Amino acid sequence: MILFTGTGALAKSFSAFYPCTIVSARHLSDEDLIPYISSANVIIHNAAVIQAAELSVYTDSNFLLTKRILELVYRINPGATFINISSMSMLKTQDTYLQAEDMTDYAFSKYIAEQYCLRHPLKKLSNVRFSTLFYEDPVRDGLSKLAFDAITTTKIKIYNNGEAKRDFIPLEIAVKYLYKLSQQTDTPRKLNIASGDPLSFSHFSNILQFHNPSLEIENISIK
């Protein structure tokens, strides 16, 4: 059984393709969580807080929850595979971390969670870092918002001439990679999953304008 520790778009999309069980681990006691962990052969730890007002909330939700679940897995089901959904936000390059002082509070909380996982004795453990996911949801990613605004208001906003680049992966593709990893007997301790072809927001705005020549593009300069 594949167990997700959090609800959300990733778990929901995964469940549309593959059998799994989804719980909200942060709302379950250890006693309530243990039966799920003991019956799982793969635990995908996707529970996380992305936006919060202060570091303590990030730390509680992204580090301490990870530590709590991982220790339960190690104690009651040490033969299971534990896949921690980490983050590229902590990276300077594909192989190196940012300095801690240069990380956002979110990135820092995911960094200490990843470091804890890397040093943990559980054998089958992997930290997976996805590049920017394309959710097809304007609330969740900038590209979806761009497309949504182009259709609903015929006006879009880009920043600094849309020079910022993102390496987008469709959510369904990310799910298929995640399933493939869950079936492997030898899991890499760290894994970056990206298309390897980052594209600028100006690239996407040009495509949208090509399909709708009357589309208004507002450029906002930010230093």
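When a residue number appears, it is its place in the shown sequence, counting from 1. Bear in mind the structure is a predicted one, so any value in this text is a computation, not a measurement.
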Undergrad: Using a 6.0 Å cut-off, check whether atom CZ of Arg119 has over 12 heavy atoms from anything other than its own residue.
TA: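 Count not over threshold, so no.
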Undergrad: Would you indicate whether the side-chain heavy atoms of Ile193 and Ile169 approach each other to under 4.5 Å?
TA: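 Yes; the side chains approach each other to less than 4.5 Å.
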Undergrad: Check whether any side-chain heavy atom of Leu91 lies under 4.5 Å from a side-chain heavy atom of Asn192, and answer yes or no.
TA: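 They are in side-chain contact.
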Undergrad: Please determine whether the number of non-hydrogen atoms from other residues, nucleotides or ligands lying under 6.0 Å from atom CD of Gln209 exceeds 12.
TA: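 Check passes, neighbour count above 12.
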Undergrad: State plainly whether the residues Lys145 and Asp149 are in salt-bridge range, i.e. N to O under 4.0 Å.
TA: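 Asp149 and Lys145: salt-bridged.
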Undergrad: If you count the non-hydrogen atoms of other residues, nucleotides and ligands that lie under 6.0 Å from CD in Glu218, is the total more than 12?
TA: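 It does: Glu218 CD has more than 12 such atoms within range.
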Undergrad: Side chains of Met1 and Ser39: does their closest heavy-atom pair fall under 4.5 Å?
TA: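 A side-chain contact under 4.5 Å exists here.
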Undergrad: Is the closest side-chain heavy-atom distance between Phe134 and Glu172 below 4.5 Å?
TA: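 SC-SC contact between Phe134 and Glu172 ruled out.
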Undergrad: Compare all side-chain heavy atoms of Ser205 with those of Ile156 and state whether any distance is below 4.5 angstrom.
TA: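 The answer is yes, as the side chains (C-beta and beyond) meet within the 4.5 Å cut-off.
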Undergrad: Using the rule that Ile, Leu, Val, Met, Phe, Trp and Tyr join whenever any side-chain heavy atoms are under 4.5 Å apart, tell me whether Ile37 and Val42 fall into a single cluster.
TA: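 The answer is no; the residues belong to distinct hydrophobic clusters.
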Undergrad: Counting C-beta onward and ignoring hydrogens, is there a side-chain heavy-atom pair between Tyr58 and Phe108 closer than 4.5 Å?
TA: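 Of all side-chain heavy-atom pairs linking Phe108 with Tyr58, none is under 4.5 Å.
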Undergrad: Any Lys/Arg nitrogen of Glu114 or Lys190 sitting under 4.0 Å from an Asp/Glu carboxylate oxygen of the other?
TA: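 Looking at Lys190 together with Glu114, the answer is no, because their closest N to O distance does not fall below 4.0 Å.
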Undergrad: Is there side-chain contact between Tyr106 and Ser89, with heavy atoms separated by less than 4.5 Å?
TA: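 Counting from C-beta outward, Tyr106 and Ser89 do come under 4.5 Å.
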Undergrad: Near Gln94 CD, under 6.0 Å, is it more than 12 heavy atoms from other residues, nucleotides or ligands?
TA: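 Counting neighbours around CD of Gln94, 12 or fewer heavy atoms of other residues, nucleotides or ligands fall under 6.0 Å, so no.
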Undergrad: Does the side chain of Leu171 come within less than 4.5 Å of Leu10's, by heavy atoms?
TA: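 Contact flag for Leu10/Leu171 side chains = yes.
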Undergrad: Using the side chain to side chain contact (heavy atoms under 4.5 Å, CB included) rule, take Lys123 and Phe82 through it: C-alpha gap first, then chi angles, then the decisive distance, then the call.
TA: CA-CA 9 Å; Lys123 290 184 178 180; Phe82 185 85; over 6 Å; no
Undergrad: Please tell me whether Ile83 and Tyr111 are part of a single hydrophobic cluster in this structure, the criterion being side-chain heavy atoms less than 4.5 Å apart.
TA: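 No, because Ile83 and Tyr111 fall into different hydrophobic clusters, even though each may have its own neighbours under 4.5 Å.
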Undergrad: When you group the ILVMFWY residues by side-chain heavy-atom contacts below 4.5 Å and let the links chain together, are Tyr177 and Leu125 in the same group?
TA: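 As far as the 4.5 Å side-chain criterion goes, Tyr177 and Leu125 are not connected within one cluster.
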Undergrad: How long is the straight-line distance from OG1 of Thr93 back to CE of Met88, given to the nearest 0.5 Å?
TA: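 Going from CE on Met88 over to OG1 on Thr93, the span is 11.0 Å.
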Undergrad: So Tyr179 and Phe14, would you call those rings parallel, tilted or perpendicular, with 30° and 60° as cut-offs?
TA: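 Plane angle between 30° and 60°, so tilted.
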Undergrad: How close do Ala25 and Arg68 get, heavy atom to heavy atom, and via which atoms?
TA: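 Heavy-atom minimum between the residues: O-NH1, 3.3 Å.
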Undergrad: Got more than 12 heavy atoms from elsewhere within 6.0 Å of CZ, Phe204?
TA: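 Above 12, so yes.
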Undergrad: Check the surroundings of atom CD in Gln183: do more than 12 heavy atoms from other residues, nucleotides or ligands lie under 6.0 Å from it?
TA: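 Yes, the 6.0 Å shell around CD holds more than 12 heavy atoms from other groups.
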Undergrad: Any Lys/Arg nitrogen of Asp102 or Lys92 sitting under 4.0 Å from an Asp/Glu carboxylate oxygen of the other?
TA: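 No salt bridge links Asp102 with Lys92.
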Undergrad: Say whether Ser195 and Asp167, considering side chains only, have a donor N or O and an acceptor N or O under 3.5 Å apart.
TA: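 Distance-only check passes for Ser195 and Asp167.
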Undergrad: Out of Thr66, Asn62, Thr104, Asp60, which one pairs with Ser109 under the side-chain hydrogen bond (donor to acceptor under 3.5 Å, both in side chains) rule?
TA: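 Checked Thr66, Asn62, Thr104, Asp60 against Ser109; only one passes side-chain hydrogen bond (donor to acceptor under 3.5 Å, both in side chains): Asn62.
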